[in-house]
**Q** 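I am attaching a structure below and will ask some questions about it afterwards.
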There are 2 protein chains.
Amino acid sequence: MFLSTTTNNRDAKGRVSVPADFRAVITAQAQGRDAAFDGIIVRPSFSGECLEGGGEQLFEAYRASINALDYFDPNREAMEQAIFGESRRLPFDSGGRVSLPHDLADMLGFNGRVTFVGLGDRFEIWPPEVHEARAVQMRKLASENRHLLKPITPVMPAMSQKS
Amino acid sequence: MFLSTTTNNRDAKGRVSVPADFRAVITAQAQGRDAAFDGIIVRPSFSGECLEGGGEQLFEAYRASINALDYFDPNREAMEQAIFGESRRLPFDSGGRVSLPHDLADMLGFNGRVTFVGLGDRFEIWPPEVHEARAVQMRKLASENRHLLKPITPVMPAMSQKS
DNA sequence: TTGTATCCCATAAAAACCCATGTTATCCCA
DNA sequence: TGGGATAACATGGGTTTTTATGGGATACAA
């Protein structure tokens, strides 16, 4: 599960460190599957304001979801284009960095620093200022609607007490 | 189940001992799941006055709850941001401590001592003075409204006492 | 060449790890 | 039931490892 928010530098070569715990999540996902690719996959979000990213697992999930659509459904083609056509593999270098292509950086307005936001199954990459402004709003909205969150912690399966 | 209230020191390195019985709860939860992570996860509460924390189980429950929201519900994005984006994994060291990041400590006003309050499925972390003041009010409010508590003690299935 | 991507090495700061100690709680046994 | 032995816990400090980050050297393509 991707958690927390981290802001890292994007250097002159376009390289950015992927937060270590994100890397750990991806590496863990990579176990238990053929998993050749060591890196992240990103694509412009539907809103166009940020990049959406994850490991190969996330995009496998998208594939399964898209495969559930009818083969000749025009929406399917649109999804295929938007999800698969627009995404990029960004391999880790030896230090756990990826290089964020210039065209994507330009599109999103990255200038020096980028913010990784963990969102459970996936993460997003934002220009720090844009994210900060948005986070304030989201926090407010979430707080106002927190009743939507059902605290559904499962009852534990008979915790075995030792004698 | 997280129970009781404990106040521990936060040392110069930002380390705080998680109460031993809280650790026991988390360890017990960690059995019976893949459970790689050994530690707690915390995030600023909606009120912003304290940290809310729990084991990975709590946040899995949040995930399930959030997944139940419609994919394009703006509330869902807000929840993802507020819950996942703002939370942090705090791994235990060998002595059962976590290090409480400076930015969170500053945000909440921790200066040396922190209070863990068990709340059943989760716990909260407060500056001791703030918690103490609040506890008085809560106690009063709870007392005034104690009629809301249904007497739910289940009828015990004839507990067989020997001797 | 010139720009771009990849690989390797260096480093300061932060995080994780290891060991030590006083104090409290728990156990055991007479 | 008293009290000493034992274990568990909270806490401190030093050391090692990771992490984020920079820069140079190399390979490739436009």
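Per chain, numbering begins at 1; letters A, B, ... match sequence-line order.
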**Q** Please report the distance, rounded to the nearest Å, between CG in B:Asp93 and C1' in C:dA14.
**A** 15 Å
**Q** Taking any heavy-atom pair under 4.0 Å as a contact, classify B:Asn9: base, sugar-phosphate, or nothing.
**A** sugar-phosphate
**Q** Output the single nucleotide from C:dC8, D:dT21, D:dA10 whose closest atom is nearest the side chain of A:Ser94.
**A** C:dC8
**Q** Answer with base, sugar-phosphate or nothing: what part of the nucleic acid does B:Val18 contact at a heavy-atom distance below 4.0 Å?
**A**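 Result for B:Val18 = sugar-phosphate.
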**Q** When you get a sec, tell me which of C:dA16, D:dT19, D:dT11 is the closest nucleotide to the side chain of B:Pro91?
**A**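 Taking heavy atoms from C-beta onward, the closest nucleotide is C:dA16.
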**Q** I want to confirm an ordering. Mapping B:Gly95 and A:Ser99 to their closest nucleotides on DNA chain C, which one lands closer to the 5' end?
**A**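 On the 5' side of the pair lies A:Ser99.
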**Q** Specify the separation, in whole Å, of atom CG of B:Asp11 and atom C1' of C:dG22.
**A**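 Value for this atom pair: 16 Å.
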**Q** Output the single nucleotide from D:dT11, C:dA16, D:dG12 whose closest atom is nearest the side chain of B:Asn8.
**A**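 Looking only at side-chain atoms, B:Asn8 lies closest to D:dT11.
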**Q** Step through it carefully: locate the ring centre of B:Phe84, locate the ring centre of A:Phe2, and say whether they are under 6.0 Å apart.
**A**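 Ring-ring flag for B:Phe84/A:Phe2: false, centres at least 6.0 Å apart.
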**Q** May I ask which nucleotide in the shown strands pairs with C:dA30, Watson-Crick or G-U wobble, both distances under 3.5 Å?
**A** D:dT1
**Q** Output the rounded distance in Å from CZ (B:Arg89) to C1' (C:dA16).
**A** 16 Å
**Q** So if I apply the side-chain contact (heavy atoms from CB on, under 4.5 Å) rule between A:Pro101 and each of A:Asp106, A:Val42, A:Leu90, which one comes out positive?
**A** A:Leu90
**Q** Report the residue (B:Thr7 or B:Lys13) whose heavy-atom-nearest nucleotide on DNA chain D is the more 5′ of the two.
**A** B:Thr7
**Q** Rounded off to whole Å, could you give me the CZ-to-C1' distance for the A:Arg97 and C:dA10 pair?
**A**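 It works out to 11 Å between those atoms.
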**Q** Could you state the CZ-C1' distance from B:Arg88 to C:dA15, rounded to the nearest angstrom?
**A**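 Taking CZ of B:Arg88 and C1' of C:dA15, I get 14 Å after rounding.
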**Q** Is the positively charged end of A:Arg89 above the ring of A:Phe37, judged by distance under 6.0 angstrom from the centroid and angle within 45° of the axis?
**A**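 Yes, A:Arg89 sits over the ring of A:Phe37.
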**Q** Using modelled atom types and a 3.5 Å cut-off, is there a donor and acceptor pairing between side-chain atoms of B:Arg10 and backbone atoms of B:Leu100?
**A** yes
**Q** Please give, in whole Å, the distance from D:dA8 P to B:Asp21 CG?
**A** 15 Å
**Q** Remember a base hit wins even if backbone is also touched, and classify B:Val98 as base, sugar-phosphate or nothing at under 4.0 Å, heavy atoms.
**A** nothing
**Q** Could you tell me whether the phosphate oxygens of D:dA20, OP1 or OP2, come under 4.0 Å of any side-chain nitrogen or oxygen in A:Arg23?
**A**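 So the side-chain polar atoms of A:Arg23 do come within 4.0 Å of the phosphate oxygens OP1 or OP2 of D:dA20, strictly under.
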**Q** Measure from the side chain of A:Arg15, starting at C-beta and using heavy atoms only, and say which of D:dT11, D:dG23, D:dT21 lies closest.
**A** D:dG23
**Q** So, B:Arg97 and B:Asn8: side-chain donor and acceptor under 3.5 Å apart, yes or no?
**A** no
**Q** In whole Å, what is the span from the CG atom of B:Leu90 to the P atom of C:dC17?
**A**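 Roughly 14 Å, once rounded to whole Å.
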**Q** Please report the distance, rounded to the nearest Å, between CG in B:Leu100 and P in C:dA16.
**A**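 B:Leu100 atom CG is separated from C:dA16 atom P by 13 Å.
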